[in-house]
Amino acid sequence: MLYSRALIPTVKEAPADAANASHKLLVRAGYIRKVGAGMYDFLPLGLRALRKIESIVREEMNRAGAQEILMPALLPAEYFKETGRWDVYGDTLFRLKDRKGGEFHLGPTHEEIVTDIARREIKSWRDMPMNLYQVQSKFRDEPRPRGGLLRCREFVMKDAYSFDISEEAARGSYEIMRKAYRAVFDRMGLTYRMVAADPGAIGGSTSAEFQVLADSGEDSIVACDSCDYAANVEIATVRVEGVRGASGAIEPPHVAEEEKTKVVTPKVSSIEEVSAFLALPKARFLKSLVYSANKELILAVVRGDHELNEIRLARALGVDEVFLAGEADVKKATRAAVGFAGPVGFAGRVFVDRAAAHVANAAAGANESDHHFTGLNFGRDWSGEVVDIRLAATGDLCTNCETGTLKSYRGIEAGHIFILGTRYSETMGALFADEKQEKKPIVMGCYGIGVSRLVATAIEQNHDENGMTWPMSLAPYHVHLVTLGKEENVAAEAKKLYDELRAQGVDVLWDDRDERPGVKFKDADLLGMPLRVTIGAKSLANGMIELKARKELDPKKAELIPLADAVRVLRERVGAASAP
RNA sequence: CGGGGCGUAGCGCAGCCUGGUAGCGCACCUGGUUCGGGACCAGGGAGUCGGAGGUUCAAAUCCUCUCGCCCCGACCA
């Protein structure tokens with residue numbers, strides 16, 4: 001592509017409404033433009049990046065035996081009504097009516113629609129396994145679109161659905177998809193973790209998330225440093241007997257029991273403040289949180305340096321959800337100001353994390369404004385139902401290999417795979433005849449990849465202060481060719497190189513604009529193509545051109561290579577990424 | 001939905017408190033000089049100040065309502 005003819009509207013200043021690196025850079029580099037909240041134009045470069053991701057995904061899906069289909073984005077309400085999701089989905093569903101008043105919605109995901117295909121077309125056990133996928137725009141009226149392409153109301157997703165004759169066979173399909181997903185993420189050159197995940201509302205037994213590691217990610221995951229265990233902190237298991245205290249020792253330490261003592265702690269309520277005030281480490285505190293569960297106020301206690309896992313607390317209570325109590329409820333439950341809750345004398349049920357129960361001579365709120373207790377010991381001074389309700393964190397011992405230690409990471413969820421079971425096939429009557437003519441529900445799996453989100457995700461992981469630094473396999477163009485000056489031989493040699501590279505399957509963006517060198521280099525860094533080739537009159541006089549990798553920060557590290565070798569060298573550097 | 005903030009030229013912002021001529025930088029157009037890391041000089045075009053109502057002789061500025069957008073939290077690809 002000739003830059004002079006391309007729509008690449010770069011801007012020096014990031015839009016005021018952008019917070020994430022990827023959002024700022026996508027706008028600054030002219031890849032996308034905002035149309036509305038959570039809705040974006042993909043300009044030529046943005047679309048090329050999207051297409052690169054799509055084609056990797058398609059290739060690996062096809063290789064795994066999945067077949068591409070396309071379902072409508074505009075859907076009649078009847079299918080979602082059939083499974084009850086018309087109501088369950090709530091405000092997230094974009095609903096609309098046609099001219100006759102009929103109810104419709106835009107598809108947020110397609111389990112119902114694909115199950116409808118299955119119940120009409122899959123009749124026999126001989127028809128399976130089958131896997132159908134599509135790459136399509138999805139619509140969700142998110143409570144809060146954010147982060148540019150990271151969270152949109154309209155976004156491109158690859159969704160695949162597997163159909164099998166049994167749970168065991170479904171597990172096989174799931175494994176095939178798991179391998180295909182690994183191949184997809186490996187080929188994209190992203191650093192990611194496959195983590196155990198909460199199956200969540202979609203239900204089902206087995207699920208894994210593909211989390212691309214990025215400090216700006218919204219998800220917290222933990223991974224073992226010695227085995228391949230990795231999990232979303234929401235479901236990560238914690239090895240209780242090996243809890244490390246703040247001192248590094250295994251709790252409980254063998255120390256003499258202290259007396260329970262009430263101390264005055266005027267206006268210091270947070271763990272940080274009280275910890276400083278009493279000169280006790282945070283691990284000696286009992287973090288006491290009032291939660292509301294089915295209108296009952298309960299107290300959840302974790303060690304002061306730990307975080308509560310709300311999902312586990314809800315499970316321990318046997319409810320769907322728990323809510324951190326508001327100020328009024330806290331006052332009602334503790335009869336004290338917020339910040340002085342504690343398990344001693346708490347009026348309701350108390351759930352205590354095992355690690356908190358192990359703390360010797362602990363400190364906790366006294367359920368009395370401006371007062372705390374010290375010297376508390378579980379069983380002697382306080383009690384509660386002991387459960388595992390804390391989040392895993394850096395330093396915890398791995399439950400899988402029993403030798404490694406967990407480390408926390410931030411991640412962006414880019415893919416999610418599930419075994420769905422028969423939830424949709426049973427309610428929608430997607431049955432098949434087995435060898436004995438018996439009708440059985442099809443066992444399904446579903447597999448998503450956030451394609452447009454990956455454009456942003458890739459940038460979150462691949463950028464520096466000057467712009468994007470695309471991995472070869474995702475870059476809109478492999479080579480950014482910069483010509484300097486107006487000499488005719490420069491343009492002539494550049495044209496030859498440009499044509500030859502393109503003939504060899506190398507994607508080249510040639511900056512042929514009449515701009516000063518600084519402008520061209522700044523734009524090249526911003527756009528982030530992995531290889532930059534510069535042709536100027538000086539080096540060309542010696543038959544040389546300049547080659548620089550975008551990820552090489554030092555401009556002096558550019559290498560001079562003979563023009564005669566340029567095609568071969570570049571073809572090698574681009575490598576297999578552009579091979580068909 | 002709860003909390004915070006912002007809507008003034010294509011983009012980034014000032015002006016608003018204390019009403020009275022709408023301004024700066026970038027971008028854009030014309031001419032000239034420049035040309036290996038976002039050049040310089042001269043000239044120029046461009047804004048119903050998000051919208052509606054109100055107060056006032058007078059509203060970007062004060063008041064009310066409304067729409068849109070962003071950020072922080074609970075959900076998800």
Side-chain angles (χ1 to χ4, degrees), chain A residues 9-20 23-24 27-28 30 33-39 53 57 89-92 108-110 135-160 181 197-202 209-212 218-219 232 234 310-311 321-324 326-327 411-418 446-457 466-467 482-487 490 513-526 532 534-540 546 548 553-556 558:
Chain A
T10 60
V11 288
K12 284 186 193 168
E13 285 170 298
D17 57 19
N20 297 78
H23 188 190
K24 285 180 190 163
V27 173
R28 281 196 56 212
R33 284 293 184 263
K34 185 170 77 175
V35 174
M39 293 167 275
I53 294 169
V57 169
Y89 237 94
D91 291 335
T92 304
T109 173
H110 280 69
V135 178
Q136 189 209 34
S137 288
K138 295 284 188 277
F139 300 85
R140 293 184 193 171
D141 194 354
E142 291 284 345
R144 183 151 99 80
R146 72 182 110 173
L149 294 183
L150 286 173
R151 183 181 221 73
C152 284
R153 294 197 285 185
E154 175 176 347
F155 60 98
V156 178
M157 176 164 119
K158 186 283 301 178
D159 46 327
Y181 270 51
D198 180 23
I202 301 184
E209 289 172 350
F210 287 76
Q211 292 275 357
V212 175
E218 295 178 339
D219 294 328
N232 195 306
E234 290 174 350
E310 294 189 356
I311 292 179
E321 266 186 305
V322 292
F323 301 92
L324 192 61
E327 194 176 328
I412 299 170
E413 185 183 351
H416 203 160
I417 59 178
F418 294 93
C446 77
Y447 316 90
I449 291 181
V451 176
S452 52
R453 173 181 280 182
L454 269 168
V455 175
T457 303
N466 296 317
V482 175
T483 44
L484 302 179
K486 295 190 175 83
E487 285 80 1
V490 169
R513 295 175 298 170
D514 180 16
E515 287 286 358
R516 295 161 59 86
V519 173
K520 293 191 174 189
F521 290 141
K522 287 288 186 189
D523 276 338
D525 286 347
L526 181 59
R532 189 185 78 193
T534 307
I535 304 184
K538 281 180 218 159
S539 50
L540 193 60
E546 184 186 287
K548 179 178 166 299
L553 281 178
D554 185 356
K556 295 196 190 82

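Only a predicted model underlies this, so the values are computations on that prediction, with no experimental measurement involved. First the proteins, then the strands, lettered A, B, ... as listed; each starts at 1.
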**Q** Which nucleotide, in any strand shown, forms a Watson-Crick or G-U wobble pair with C28(B), with both distances under 3.5 Å?
**A**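 Paired with G44(B).
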**Q** Side-chain contact test, heavy atoms from C-beta onward, threshold under 4.5 Å: evaluate it for T534(A) versus R532(A) and give yes or no.
**A** yes
**Q** Identify whether any heavy atom of A14(A) sits under 4.0 Å from a base atom; if not, whether one sits that close to sugar-phosphate; answer base, sugar-phosphate or nothing.
**A**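 Touches sugar-phosphate only.
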**Q** Base, sugar-phosphate alone, or nothing: which one does R532(A) contact when heavy atoms must sit under 4.0 Å apart?
**A**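 R532(A): base contact, heavy atoms under 4.0 Å.
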**Q** Run the salt-bridge test on E218(A) and R151(A) with the 4.0 Å N-O cut-off and return the result as yes or no.
**A** yes
**Q** Would you indicate what D514(A) reaches in the nucleic acid, counting non-hydrogen atoms under 4.0 angstrom: base, sugar-phosphate, or nothing?
**A**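 If one applies the 4.0 Å heavy-atom cut-off, D514(A) turns out to touch nothing in the nucleic acid.
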**Q** Write down the partner of G68(B) under the Watson-Crick or G-U wobble criteria, each distance required to be under 3.5 Å.
**A** C6(B)
**Q** Scan D523(A) against the nucleic acid and name what it touches under 4.0 Å (heavy atoms): base, sugar-phosphate only, or nothing.
**A**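 Contact class for D523(A): base.
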**Q** Taking any heavy-atom pair under 4.0 Å as a contact, classify G148(A): base, sugar-phosphate, or nothing.
**A** nothing
**Q** In this structure, how many angstroms lie between the P atom of G73(B) and the CZ atom of R144(A), rounded?
**A** 7 Å
**Q** Looking across every strand, which nucleic acid part, if any, lies under 4.0 Å from K538(A) by heavy atom: base, sugar-phosphate, or nothing?
**A** nothing
**Q** Quick one: label V519(A) by what it contacts on the DNA or RNA (base, sugar-phosphate, nothing), any heavy atom closer than 4.0 Å.
**A** base
**Q** Determine the contact category for P15(A): base if any of its heavy atoms lies under 4.0 Å from a base atom, sugar-phosphate if only primed atoms, P, OP1 or OP2 are that close, otherwise nothing.
**A**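 Sugar-phosphate contact only.
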**Q** Is there ring stacking between F521(A) and G36(B), where the centres must be under 5.5 angstrom apart and the planes under 30 degrees?
**A**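 One would not call F521(A) stacked on the G36(B) base.
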**Q** May I ask you to say what G415(A) touches in the nucleic acid, namely base, sugar-phosphate or nothing, with a heavy-atom cut-off under 4.0 Å?
**A** sugar-phosphate
**Q** Is G448(A) touching bases, backbone alone, or none of the nucleic acid, heavy atoms closer than 4.0 Å?
**A** nothing
